[in-house]
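Working notes, structure below.
We number each residue from 1, following the sequence as shown. We count ligands from 1, going down the list as the structure has it; atoms in each ligand are counted the same way.
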Amino acid sequence: MPIPTIFDRILDGEIPCHRVYEDEHVLSFLDVSPISRGHALVIPKERKAHLHELSDESAAAIGRVLPRIARAVMAATGCEHYNVLQNNGAQAHQSVFHVHFHVIPHIGDQGLGVDWKPGTLADGEALAQAIRAHLEPNGTQPPYTL
Ligand code: DGP
């Protein structure tokens, strides 16, 4: 059994949170260290560390809920701009190893700072082909039902 994360303990009701939404598959609550007012987290109840480990069912549930949380945060805070951030792995700034999406309002000078250094796409078609190969029915992924 993996060591329970802080979010497992929130899901188990062991640690309190400011809950904003809950259904069978998803919980959303306020981040305890908000970057801006209204910074919320959206997590699957499925206990997986990384996005790529999620079941289709959890992924679909999260996808359905994210825009609703965004709309509610916008309405409650008055923000018109926001980021949705999802980190995977320590080097990608993940600190809690239970899948979570941040919904981060951008209000005035408060919000997510992005240090994004754009490069140049050199081998676009070869790279796209390499990725497509893993998405095809005989690739490395389980079969899809779209
Ligand atoms: P990340 O770096 O993407 O793994 O972000 C983890 C976030 O989780 C971070 O913004 C702070 C938040 N967080 C950590 N512990 C708690 C907690 O006990 N309660 C709540 N509400 N948020 C937490």
Expected contact list for ligand 1 at under 4.0 angstrom, heavy-atom basis, is Ile6, Phe7, Ile10, Phe29, Leu30, Asp31, Val32, Leu41, Asn87, His93, Gln94, Ser95, Val96, His100, His102
When the ring centroid of His98 is compared with that of His100, is the distance short of 6.0 Å?
no
Side-chain donor-acceptor pair under 3.5 Å between Glu46 and Ser55, yes or no?
yes
Regarding Gln110 and Ser36, is there a side-chain donor-to-acceptor distance under 3.5 Å anywhere?
no
Salt bridge flag under 4.0 Å for residues Glu24 and Lys45
no
Sidechain N-carboxylate O distance under 4.0 Å for Glu53, Arg47:
no
Counting C-beta onward and ignoring hydrogens, is there a side-chain heavy-atom pair between Val99 and Phe7 closer than 4.5 Å?
no
